[in-house]
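Input: a single structure, listed below in structure tokens.
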Amino acid sequence: MNVIETPLPGVLVIEPRVFSDQRGFFLETYHRQRYTASGIDEIFVQDNHSRSAHGTLRGLHFQLKSPQGKLVRVSAGEVFDVAVDIRRGSPYFGQWFGEYLSGENNKQMYVPPGFAHGFCVLSETADFMYKCSDFYDPTDEQGVAWDDPALAIDWPIDQPILSKKDAALPKMSELMDCLPRFAMSQV
Ligand SMILES: Cc1cn([C@H]2C[C@H](O)[C@@H](COP(=O)(O)OP(=O)(O)O[C@H]3O[C@H](C)C(=O)[C@H](O)[C@H]3O)O2)c(=O)[nH]c1=O
């Protein structure tokens with residue numbers, strides 16, 4: 001597997017090794033020893049799968065009381081996946097990184113706790129699968145507006161399909177008091 005660092009320290013792109021033959025292909029999507037050795041040493045406790053139609057945008061989401069590290073991939077279709085550093089005091093506060101993930105390129109992205117996460121769907125539909133390092137807590141759902149000008153994320157779509165919740169998410173400027181703090185140990 002190939003692990004690629006991104007301009008956002010802690011956010012990684014992983015290219016698993018793919019074994020192809022006349023039947024199709026095989027790849028390992030997670031391996032505790034190998035991923036820990038690559039810096040992804042979270043204990044994952046929950047796996048999720050969402051399917052979305054073309055033009056859907058889910059995000060930007062995060063949890064505060066139980067922040068989740070996420071190892072994300074697309075099993076079918078294509079998305080543009082985005083991580084945003086929302087840790088107050090981080091040298092990268094407010095910066096984002098995006099990567100195209102697809103059932104063709106088999107790429108994964110690791111989004112550490114303390115980052116907001118979201119994606120938009122470029123294919124007819126997209127099956128989005130991800131591992132989380134803490135449990136979902138419906139009382140702890142937080143988010144920031146996908147189109148916050150302070151983030152200026154270069155989404156490859158406009159006028160996305162949004163949930164009512166996502167369409168009403170606040171801007172970073174409205175969240176400052178409650179955003180997580182950057183810890184020097186995370187450098
Ligand atoms: C996230 C989640 C949701 N749900 C239930 C709650 C709702 O009744 C339904 C749809 O939830 P929601 O619209 O919040 O799903 P997404 O918009 O895909 O949310 C996710 O989207 C972005 C991209 C993320 O990074 C997060 O993992 C997560 O916030 O599933 C659960 O039962 N468990 C869960 O872990």
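Each ligand, and each atom within it, is numbered from 1 in the order the structure gives. All figures in this text were calculated on a predicted structure; none of them were measured in a lab.
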Practice prompt. If the plane angle is over 60° it's perpendicular, under 30° parallel, otherwise tilted; pick one for Phe44 and Tyr110.
Written response: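 Perpendicular.
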Worksheet item: According to the interplanar angle, ranging from 0 to 90°, do the rings of Phe128 and Phe119 count as parallel (below 30°), tilted (30 to 60°) or perpendicular (above 60°)?
Response: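 If you compare the ring of Phe128 with that of Phe119, the planes turn out parallel.
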Discussion item. Please compare Phe128, Phe62, Tyr136 and report which has the shortest non-hydrogen distance to atom 2 (C) of ligand 1.
Written reply: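 The residue whose heavy atom sits nearest atom 2 (C) of ligand 1 is Tyr136.
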Worksheet item: Is Gln68 near ligand 1, meaning one of its heavy atoms is under 4.0 Å from it?
Response: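 No, that is not the case, since the closest heavy atom of the residue is not under 4.0 Å from the ligand.
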Discussion item. Checking the N or O distance criterion of under 3.5 Å, is ligand 1 in contact with Arg58?
Written reply: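 N/O-N/O distance below 3.5 Å exists for this pair.
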Just wondering, do [Y] and [X] contact through their side chains at under 4.5 Å, heavy atoms?
X: Leu27; Y: Phe19; value: no
X: Ile43; Y: Arg32; value: yes
X: Leu64; Y: Pro180; value: yes
X: Phe135; Y: Gln68; value: no
X: Leu151; Y: Met172; value: yes

[X]: numbered ligand 1 atoms lying under 4.0 Å from its heavy atoms:
X: Glu141; result: 14 (O)
X: His117; result: 23 (C), 24 (C), 25 (O)
X: Gln46; result: 34 (C), 35 (O)
X: Tyr130; result: 20 (C), 26 (C), 27 (O), 28 (C)

Looking only at protein heavy atoms, which one is nearest to [atom], and what is the separation?
atom: atom 24 (C) of ligand 1; result: Lys70 NZ, 3.6 Å
atom: atom 12 (P) of ligand 1; result: Lys165 NZ, 3.8 Å
atom: atom 28 (C) of ligand 1; result: His61 ND1, 3.5 Å

Do you see a protein non-hydrogen atom under 4.0 Å from [atom]?
atom: atom 30 (O) of ligand 1; value: no
atom: atom 7 (C) of ligand 1; value: no
atom: atom 10 (C) of ligand 1; value: no
atom: atom 18 (O) of ligand 1; value: yes

Worksheet item: Between atom CD of Glu5 and atom CZ of Phe97, what is the distance when rounded to the nearest 0.5 Å?
Response: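 Rounded to the nearest 0.5 Å, the CD-CZ separation comes to 11.5 Å.
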Fill in: Intermediate values then yes/no, side-chain contact (heavy atoms from CB on, under 4.5 Å), His117 and Leu60
CA-CA 5 Å; His117 174 248; Leu60 296 155; over 6 Å; no
